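Both ligands and their constituent atoms are indexed starting at 1 by order of listing. Bear in mind that the values here come from a model prediction, so they are computed numbers and not experimental data.
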Amino acid sequence: MLNKKSVDDINVKGQRVLVRCDFNVPLKDGKITDENRLVAALPTIKKLIADGGKVILCSHLGKPKGEPKPELSLAPVAVRLSELLGQEVKFAADDNVVGENAKAAVAAMQDGEVVLLQNTRYRAEETKNGEAFSKELASLADVFVNDAFGTAHRAHCSNVGVTEYVETSVVGYLMQKEIDFLGNAVNNPVRPFVAILGGAKVADKLNVISNLLEKCDTLIIGGGMAYTFLKAKGYEVGTSLVDDTKIDYCKEMMDKAEKLGKKLLLPVDTTIAKEFPNPIDAEIEVSVVDSDAIPADKMGLDIGTKTAELYAEAVKSAKTVVWNGPMGVFENPILAKGTIAVAKSLAETDATTIIGGGDSAAAVNQLGFGAQMSHISTGGGASLEFLEGKDLPGVVAANDK
Ligand code: AMP
């Protein structure tokens, strides 16, 4: 359990409460195309409203790189949040984020009202954890609540710097839920614990592989990163994505698995094509071959059918499953079969199933399996760093219980 003070441990009646949320939602033509992160933030916001706080919300959105970019304004989030909450969320349009407009909006607040500040990354200091902007944010608030798991692996003004200048800093319900699910899975799992890793590169997941091998019973590898492992086994992998500098690392991990008595599952067959699809969702001619029979001029782009069955079997016998990263180039329907098969096996098990954010979360939601998972993380990078066993600065900064 997370040993940090939460919104349940404070009294916010009449207090100005600055809440760092993760409203970094995808936008298309000014419309929010996936509102999961907004919905995930509601329990904390509702609790603070019900308790009579003056609720000041803040977040970043995209990468405006330290200057106002109208297309990355949080204005559409204020509109949608008002609908979701059933009460007005006043948008404090302010290119300085904490400028005269924002200060006036906060000064005019009554208990139980909600104001949303402008995109914190309009300010260049935000991602540098600069002192001045941290102080400005803190000047708006009596209490700080961090509910932005998606940025918890970064030390920025609005989630870490600000805590130095506000007496009380606690975590929100979403942060608590994320850390409880991921923490229990990794540090106190009901066994068997199966971890599934996919995605493009081994290099991005070095520490995750190593840490999870120690914690899990079975580690399943798929996606582009599998081919470096297969090459390390001495197989011909054709033109598949391979990181030659990580072959020794993969050998080390296979040795480590053997020494620890852990199962490390690699694809036994693979879906191959002549080249990477261009555009990514182009019609493409594929075939399936055993992993030790990839022709020199072919590229592996998804796990094969036997592998999908093998991985689904491993999931069936698990009591805890953590999944991060697609099994193939899932953006292409022809190459999404492995990812779909794994998603389906997770949806069908009664094990605790936890989806790391990013691509795997998007895949699970797109495929309509979202509701069948125990927990879908709102933070890709943050959940990966957590799975590496790292402390997240955004969590560390909150007051201990
Ligand atoms: P990541 O960002 O590391 O989670 O990787 C996700 C990306 O990996 C997706 O865009 C996939 O298309 C890509 N990917 C998955 N499998 C392969 C593969 N076999 N070859 C190349 N890219 C892949």
Arg37 CZ to Asp147 CG distance, which is reported to the nearest 0.5 Å
12.5 Å

Any salt bridge linking Asp142 with Lys54? Criterion: basic side-chain nitrogen under 4.0 Å from a carboxylate oxygen.
no

Among Glu126, His60, His156, which one satisfies side chain to side chain donor-acceptor pair (under 3.5 Å) with Thr120?
Glu126

Considering only N or O atoms, set out every pair between ligand 1 and the protein closer than 3.5 Å, with distances to one decimal place.
{"unit_1": "ligand 1", "atom_1": "3 (O)", "unit_2": "Ala200", "atom_2": "N", "d": "3.2"}
{"unit_1": "ligand 1", "atom_1": "5 (O)", "unit_2": "Ala200", "atom_2": "N", "d": "3.0"}
{"unit_1": "ligand 1", "atom_1": "8 (O)", "unit_2": "Ala200", "atom_2": "N", "d": "3.3"}
{"unit_1": "ligand 1", "atom_1": "10 (O)", "unit_2": "Glu331", "atom_2": "OE2", "d": "2.5"}
{"unit_1": "ligand 1", "atom_1": "12 (O)", "unit_2": "Glu331", "atom_2": "OE1", "d": "2.7"}
{"unit_1": "ligand 1", "atom_1": "12 (O)", "unit_2": "Glu331", "atom_2": "OE2", "d": "3.4"}
{"unit_1": "ligand 1", "atom_1": "16 (N)", "unit_2": "Gly224", "atom_2": "N", "d": "3.1"}
{"unit_1": "ligand 1", "atom_1": "19 (N)", "unit_2": "Gly300", "atom_2": "O", "d": "3.1"}

Does a donor on one side chain and an acceptor on the other come within less than 3.5 Å for Ser210 and Lys256?
yes

Regarding Glu35 and Arg80, does a basic nitrogen lie under 4.0 Å from an acidic carboxylate oxygen?
yes

Are Lys5 and Asp400 ion-paired here, with the side-chain N under 4.0 Å from a carboxylate O?
no

